[in-house]
Every structure is written in C-alpha cells, then in structure tokens.
A.B. asks: 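Sharing a structure with you now.
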Amino acid sequence: MESESLKERKALENEITKGMEQVKQLRASSSGNEESALERMLTSYEEALLILQEIASDEQGQSVMSLSSDAPGPSKDSNIISIPSRVNTYRRREAPPVWTNQIRVTSNDKYETALDDGYSWRKYGQKDILGFKYPRSYYRCAYSHGQGCLATKQVQRSNDDPFTFEVTYRGEHTCIGQAHVAAPQRRPS
DNA sequence: ACAATTTGACCGGC
DNA sequence: GCCGGTCAAATTGT
C-alpha cells in the first residue's frame with residue numbers, strides 16, 4: 001500500500017515538473033506582460049512541489065523527532081513529567097512567493113504601458129537604495145482593503161540600462177473580479 | 001471635495 | 001547606526 005501511494009506521489013511530482021518545464025519554455029519566448037503571468041504559474045508549480053514534500057515528510061512522521069533525542073532536553077528523572085508538547089508541530093511559515101521580472105521599455109513605449117501588468121497598484125513609498133542610481137518605488141495592490149489583497153511590487157530602474165526595469169512581485173493576489181479587468185485601454189488622444 | 005502620489009519621518013533587523 | 005521598507009502628512013491631480 002505504501003509503495004502504491006509513493007508511486008502516485010512520484011507520478012504527481014513528475015506531472016508538476018513537466019508543467020514547470022512547459023512554462024519555462026513558454027517564458028523563454030514570451031514578451032512583456034504575459035511574462036508576469038508565466039512567472040506566477042511557475043511559483044504555483046514550485047509551491048505545489050513544496051506542499052508535496054511537506055506531505056511526504058508528514059507521512060514519515062516520527063523519524064524527524066528522533067533528532068531531538070540526543071539534545072539536552074527534559075531529564076529522564078521519573079519525578080519530572082515530560083510534556084509531549086508541540087515538539088513535532090512545526091508550522092511552517094507560509095512565505096509569500098516572490099518573483100521578479102525584467103521589463104525592457106522601448107522609447108515609443110510609454111513607461112506606463114510597458115509596466116502595466118493589468119493590476120491596479122497604489123504607490124506607497126520610494127527610496128534611494130544603496131548601489132542603485134535610481135530610486136526604488138513601492139506599490140501595493142489598490143484594493144488591500146479589509147482582509148484583502150497582500151500583493152506587493154517594487155520597481156527598480158536598472159543602473160546601466162535606464163530602459164530596463166526590474167519589477168519584483170511578492171505575494172499572490174487574493175482579490176478577484178475587481179476593476180483591473182478594464183486595464184488595457186489608455187489610448188493616446 | 002475626494003483620491004492618488006510625494007516625501008521626510010519612523011521603525012525593525014542586522 | 002545604517003539600510004531597506006512602510007507610514008502618513010502634505011501636496012498635487014481629477
């Protein structure tokens with residue numbers, strides 16, 4: 001039975017990996033705005049793989065605990081009650097996914113158009129960063145209202161090539177069906 | 001009048 | 001104390 005589920009796990013892992021490769025291939029020949037979507041797909045795959053690993057290590061269970069046996073823990077004195085406690089319940093911090101895109105801006109391209117990823121952001125800061133000759137801008141999702149969206153991005157203009165921007169996203173958008181559908185218009189008058 | 005941006009202040013981590 | 005990140009008051013845009 002165990003080997004059966006192990007086999008399935010391996011198959012699932014294999015499928016996910018195949019998907020990753022497809023996306024990577026797509027990304028290699030992509031341009032501009034679709035790139036961020038592809039990056040997000042990639043981080044989803046990576047997260048899936050991570051979750052799979054966690055499930056696997058959960059199944060193995062106690063073997064992890066044996067590590068602490070040689071630690072100078074609670075003594076074996078029968079007077080002392082050893083509390084099982086939550087030693088084994090490592091709740092892994094759900095780190096938000098982070099990825100950065102390189103965006104090259106052409107001169108006839110207006111910055112806004114090129115940097116527009118279809119979401120609406122609100123700028124909340126700008127800082128000069130050591131080693132960068134251009135300031136870095138900080139944006140958060142425009143509807144971070146209530147328990148809304150925690151998605152964030154930073155924009156950093158490249159030192160050497162002022163036409164290249166490094167856009168770093170952190171966190172997935174939890175907001176859906178919002179106003180950003182109406183993004184790609186902004187016609188020049 | 002309201003909403004978004006700007007910008008120095010502020011804060012936490014190293 | 002410096003550095004990167006965020007806050008928030010002032011300013012600017014619509």
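The chains referred to below are lettered A, B, ... by the order of the sequence lines, with proteins before strands, and numbering in each begins at 1. The shown structure was predicted, so the numbers you read here are calculated from the model rather than taken from an experiment.
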A.B. asks: Nearest whole angstrom, please: distance from the P of C:dG4 to the OH of A:Tyr139.
C.D. replies: 18 Å

A.B. asks: Taking atom P of C:dT6 as reference, at what distance in whole Å does atom NZ of A:Lys153 sit?
C.D. replies: 15 Å

A.B. asks: State whether A:Glu15 and A:Lys18 are salt-bridged, where the test is any N-O pair (Lys NZ or Arg NE/NH1/NH2 against Asp/Glu carboxylate O) under 4.0 Å.
C.D. replies: yes

A.B. asks: Counting heavy atoms from C-beta on, name the nucleotide in B:dT6, C:dG4, C:dT6 closest to the side chain of A:Lys123.
C.D. replies: B:dT6

A.B. asks: Fit a plane to each ring of A:Tyr138 and A:Tyr124, take the angle between them on a 0 to 90° scale, and name the class: parallel (under 30°), tilted (30 to 60°) or perpendicular (over 60°).
C.D. replies: tilted

A.B. asks: Rounded to whole angstrom units, what separation is found between the CG atom of A:Leu130 and the P atom of C:dC2?
C.D. replies: 12 Å

A.B. asks: B:dA4 C1' sits how many Å from A:Tyr119 OH, rounded?
C.D. replies: 21 Å

A.B. asks: Nearest-Å distance, NZ (A:Lys127) to C1' (B:dT5)?
C.D. replies: 18 Å

A.B. asks: Once you apply a heavy-atom cut-off of 4.0 Å, does A:Gln154 come out as touching a base, just sugar-phosphate, or nothing?
C.D. replies: sugar-phosphate

A.B. asks: Can you check whether A:Arg122 has a side-chain N or O nearer than 4.0 Å to OP1 or OP2 of B:dT6?
C.D. replies: no

A.B. asks: Looking at A:Asn159 and A:Lys133, what are the two nearest heavy atoms and their distance?
C.D. replies: OD1-N, 2.8 Å

A.B. asks: For C:dT6, does either OP1 or OP2 sit under 4.0 Å from a side-chain N or O belonging to A:Tyr138?
C.D. replies: no

A.B. asks: Measure CG/A:Asp128 against P/B:dT6 and give the value in whole Å, please.
C.D. replies: 14 Å

A.B. asks: Between A:Asp128 and A:Tyr134, do the side chains contain a donor N or O and an acceptor N or O under 3.5 Å apart?
C.D. replies: no

A.B. asks: Just how far, in rounded Å, is P of B:dC10 from CD of A:Gln126?
C.D. replies: 20 Å

A.B. asks: Measure the distance from CZ on A:Arg136 to P on C:dG5 and round it to the nearest whole Å.
C.D. replies: 5 Å

